[in-house]
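Inspection log for the structure reproduced underneath, given as structure tokens.
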Amino acid sequence: NTIWTSGYGGINQINLILEEIPKLDLSPAVTQAEKDRWEGQLYFLRGLMMFDMAKVYAYIPGAVVTAQDRGGIPIILTSISSVDSALSFRPSRSPIDDVYTQIVSDLTAANTRLLSSASVNLANKIAAQGLLARVNLYRKNYSEAKRWADSCITLGGSKMTTVSNYVNSWRVDTH
């Protein structure tokens, strides 16, 4: 497996689930808050996967070697659920700026749906905002990078290790 095949396999699973969440008819009923959290997790993961693939298979915006540029990566926002549709699907690479715009869109959607709690097992607003800061830094959109980094730090607080708590910080369950 490569980042490409694993990434697009994961993105397809995410797209399948995102398409089915609105159709859920369960008993007991799933609340809108639960659906929002699920969608937030999925948008976060899709944005993260696309960002990871864009860093490997495309240029960073503003640092493109024109003679070597093949564009970004394909932006795939719908699922493939049959062998026939998979065999006939031939997406082309999207422009690099479009890829990063989609990544920001997914992470922004995640940020509006995720909880603020700082769980280490699930994405949360702090993680989405931190990743939005990084993506905007790659885009050389420094004002947005700073805005999201400031928001992330404000929401999550500083977790920086100090000289006085360095040894004890390694003794807690999660460092």
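Side-chain atoms are counted along with the backbone in the values below, which use heavy atoms only and exclude waters and symmetry mates.
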- Item | Partners passing salt bridge (Lys or Arg N to Asp or Glu O under 4.0 Å) against E144 (at least two apart in sequence or in another chain) | R147
- Contacts of type salt bridge (Lys or Arg N to Asp or Glu O under 4.0 Å), residue K35, not counting sequence neighbours: none
- Message: Going by side-chain contact (heavy atoms from CB on, under 4.5 Å), name the residues that satisfy it together with T66, two or more places apart in sequence or in a different chain.
- Response: none
So, using side chain to side chain donor-acceptor pair (under 3.5 Å) as the criterion, who are the partners of [X] when residues are at least two apart?
{"X": "T101", "value": "R139"}
{"X": "R37", "value": "none"}
{"X": "D84", "value": "none"}
{"X": "D150", "value": "K146"}

Filter on salt bridge (charged side-chain N to carboxylate O under 4.0 Å, His left out), then keep only pairs touching [range], sequence neighbours left out; what's left?
{"range": "residues 86-112", "value": "R46-D106"}
{"range": "residues 47-57", "value": "D52-K55"}
{"range": "residues 63-73", "value": "none"}
{"range": "residues 23-33", "value": "E20-K23"}

- Item | Side-chain hydrophobic cluster, 4.5 Å single linkage: members besides Y142 | L137
- Just by distance, with hydrogens left out, do S85 and S82 show a side-chain donor and acceptor under 3.5 Å apart? yes
